[in-house]
A.B. asks: 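Got a structure for you, questions after.
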Number of protein chains: 2
Amino acid sequence: MASLDRSLIAGLSVFEGIAAADLDRIIGQARSIRVARDQRVFEQEQEAHSFFLLLDGHVRVVKSTPDGHEVTVRYISPGELLGIASALGRTTYPANAIAAADCVVLAWPSQLWLTFSASFPSFSANTYKAVGSRLQDAHSRVVEMSTEQVEQRVAHALLKLIKQSGKKTEEGILIDFPISRQDVAEMTGTTLHTASRLLSAWEDQGLVKGGRQKIVVVEPHRLLVIAEGRTSKS
Amino acid sequence: MASLDRSLIAGLSVFEGIAAADLDRIIGQARSIRVARDQRVFEQEQEAHSFFLLLDGHVRVVKSTPDGHEVTVRYISPGELLGIASALGRTTYPANAIAAADCVVLAWPSQLWLTFSASFPSFSANTYKAVGSRLQDAHSRVVEMSTEQVEQRVAHALLKLIKQSGKKTEEGILIDFPISRQDVAEMTGTTLHTASRLLSAWEDQGLVKGGRQKIVVVEPHRLLVIAEGRTSKS
DNA sequence: CGGCAGGTTGACGTGACTCAACATTAGTGG
DNA sequence: CCACTAATGTTGAGTCACGTCAACCTGCCG
């Protein structure tokens, strides 16, 4: 394996304020792994042997219920940690992590978590802040699910996606990884069918442009109007 | 103000493994506050000047949306921390905390959070573990909202409540603080009406016993059957 | 004893799920 | 390079769980 360079992780907020020599030590203990699209980084209920950092690609974190439903908890972008369950006192992963596109991840053995957070206060501070903001996210998700209709939730989901992984193109803002209607449905707690209908309707109105596993938001502002529920409901 | 005794907090998991002298120092910096029923411990958007420990009573944490909806995020039982938003890098409280019954809380100025977690590793470890499990809770909440129908969600909510604050009586397991149908609705993302109908139906079947701001679960097992969605749907 | 918060219950409408058929595109092997 | 197949996506029709609207009851507190 080609030896890893600290430049891979130097700019990231998780490792902010850590000396170059320490970064070398940190990355020296990492394994680099390629994960092909639709392959899993880790699996629900599996022993949490490692925690990960996404270097490139996009990962979908999905919870599977006993009765076969899949609920997407979040999407991970490059630079974010994942599989940090071990940090929260779990010994097993709480969800599946599936590569939404081909990915490169770094993996460290779980027991290094303690070492890192003891040795590098900024590491622990940063990661706990990250956990905190995920808690916030989860709570707003609950609020959304409780108070908004499907249309608004889907609109919100698209807005979140373009904010997180949007790429400007001449057509509009493209969600920068393959995403199906089914995926949208699993993010918003609805069905493939309803999601498809909404996207189609929006496409007719020129709000978005669809394609196979592809969504381009043409008019984010009008989408926001829908998300906020102040749509005229013609 | 009567001086506070370390015995108030000695047994709690948050302060587990901390020396008696340190406990004295910790509690020496706390203010004890009584909060009457329906009064607020803190308010959404308000400057997060303090974090709290609930000594007695029950607190409902509620998020208010701009359009007037109220969503109950969680109930706090004695011994739990609340208002720890400040610990997660927020300067303002993310929700309202309302006393569901008359309460006694301890309050510490937010800046002591850093002191405590730096001085007492077990304090920081315990609280972060708590945050972790709240994150888990929030995620399962999202999964529930996405996959289950109202009936199952309400059943789950009651089961959670009796697990957390159930008190055995001769009639069954009583939820040990005043709780209205409206409260149940806000926990489960439904309306007062639907909640009321469900409770009434269950009362007819002898599953629960209701009353004004009062719920007694008579047959937890049958409630679990409903919660799991393996009901015969007669 | 009046008033009000909390609770119940019916009638009705509808958003979104289900069931179902079909269209389109990507990928695969001959 | 084309035929075949499997994903993926679209769209219609029918149904139902739940929300909305509305009326009314009931126990509690001053």
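Computed from heavy atoms alone, side chains included, the values below leave out hydrogens, waters and symmetry copies.
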A.B. asks: Taking the side chain as every heavy atom from C-beta outward, state whether B:Leu198 and B:Glu151 have any atom pair closer than 4.5 Å.
C.D. replies: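 Result yes, sub-4.5 Å side-chain heavy-atom pair found.
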A.B. asks: Side chain of A:Ser196 only, please: which of D:dT8, D:dT10, C:dT8 is the nearest?
C.D. replies: D:dT10
A.B. asks: Specify the separation, in whole Å, of atom CG of B:Leu199 and atom C1' of C:dT8.
C.D. replies: 11 Å
A.B. asks: Side chains of A:Lys214 and A:Leu174: closer than 4.5 Å at any heavy-atom pair?
C.D. replies: yes
A.B. asks: Figure out the CG/C1' separation between B:Leu198 and D:dC18, and round it to whole Å.
C.D. replies: 10 Å
A.B. asks: Just the rounded figure in Å: distance from P of D:dA7 to CG of A:Asp38.
C.D. replies: 11 Å
A.B. asks: Determine whether more than 12 heavy atoms belonging to other residues, nucleotides or ligands lie under 6.0 Å from atom NZ of A:Lys129.
C.D. replies: no
A.B. asks: What class does the angle between the rings of B:Tyr93 and B:Phe52 fall in, given that below 30° is parallel, 30 to 60° is tilted and above 60° is perpendicular?
C.D. replies: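 It falls in the tilted class, 30° to 60°.
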A.B. asks: I need a per-nucleotide contact map over nucleotides 21-30 of chain D, read 5' to 3'. Cutoff is protein heavy atoms under 4.0 Å; write B for the base, S for backbone only, - otherwise.
C.D. replies: BB----BS--
A.B. asks: Round to a whole Å and report the spacing from NZ of A:Lys214 to P of C:dT25.
C.D. replies: 12 Å
A.B. asks: Between P on D:dG19 and CE on A:Met145, what's the gap in Å once rounded to a whole number?
C.D. replies: 13 Å
A.B. asks: Compare side-chain N and O positions of B:Ser200 against OP1 and OP2 of C:dG7 and report whether any pair is under 4.0 Å apart.
C.D. replies: no
A.B. asks: Is there a residue in residues 153-161 of chain A whose heavy atoms reach under 4.0 Å of DNA chain C, and which residues are they?
C.D. replies: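 Per residue number, the list is empty: none.
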A.B. asks: When rounded to the nearest 0.5 angstrom, what distance separates CD in A:Glu43 from CD1 in A:Ile98?
C.D. replies: 8.5 Å
A.B. asks: Given atom NE2 of B:His69 and atom C1' of D:dG19, what is their separation to the nearest angstrom?
C.D. replies: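 The answer, rounded to whole Å, is 10 Å.
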A.B. asks: Do A:Leu53 and A:Leu12 come within less than 4.5 Å of each other through their side chains, counting heavy atoms only?
C.D. replies: yes
A.B. asks: Could you tell me whether A:Glu70 and A:Arg60 make a salt bridge, using a distance below 4.0 angstrom between a side-chain N and a carboxylate O?
C.D. replies: no
A.B. asks: Please examine the side chains of A:Met145 and A:Val142, heavy atoms only from C-beta on, and report whether any two atoms are closer than 4.5 Å.
C.D. replies: no
A.B. asks: Restricting to side chain to side chain contact (heavy atoms under 4.5 Å, CB included), what partner residues turn up for A:Asp204, sequence neighbours left out?
C.D. replies: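 Partners of A:Asp204 under the side chain to side chain contact (heavy atoms under 4.5 Å, CB included) test: none.
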A.B. asks: Is B:Thr194 near enough to D:dC18 that one of its side-chain N or O atoms lies under 4.0 angstrom from OP1 or OP2?
C.D. replies: no
A.B. asks: Report yes or no: do A:Thr72 and A:Asp183 form a side-chain donor-acceptor pair below 3.5 Å?
C.D. replies: no
A.B. asks: Are side-chain heavy atoms of A:Val217 and A:Leu159 found at a separation under 4.5 Å?
C.D. replies: no
A.B. asks: Under a 4.5 Å cut-off applied to non-hydrogen side-chain atoms, are B:Val41 and B:Cys103 in contact?
C.D. replies: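 Answer no - side chains too far apart.
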A.B. asks: Taking ring-ring contact (aromatic ring centres under 6.0 Å, His included) as the cut-off, I'd like each qualifying pair that reaches into residues 164-219 of chain A, sequence neighbours left out, listed once.
C.D. replies: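 Sorted pair list: A:His58-A:Phe177, A:Tyr75-A:Phe177.
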A.B. asks: What nucleotide among D:dG9, C:dG6, C:dC17 has an atom nearest to a side-chain atom of A:Gln213?
C.D. replies: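 Output: D:dG9.
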A.B. asks: Heavy atoms within less than 4.0 Å of DNA chain D: which residues of residues 174-192 of chain A have one? Give them sorted by number.
C.D. replies: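 Residues of residues 174-192 of chain A under 4.0 Å from DNA chain D: A:Ser180, A:Arg181.
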A.B. asks: Is there side-chain contact between A:Arg40 and A:Gln46, with heavy atoms separated by less than 4.5 Å?
C.D. replies: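 No, their side chains stay 4.5 Å or more apart.
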A.B. asks: At how many degrees, to 10°, do the end axes of the helix from C:dC1-D:dG30 to C:dG30-D:dC1 meet when each uses five pairs?
C.D. replies: 40°
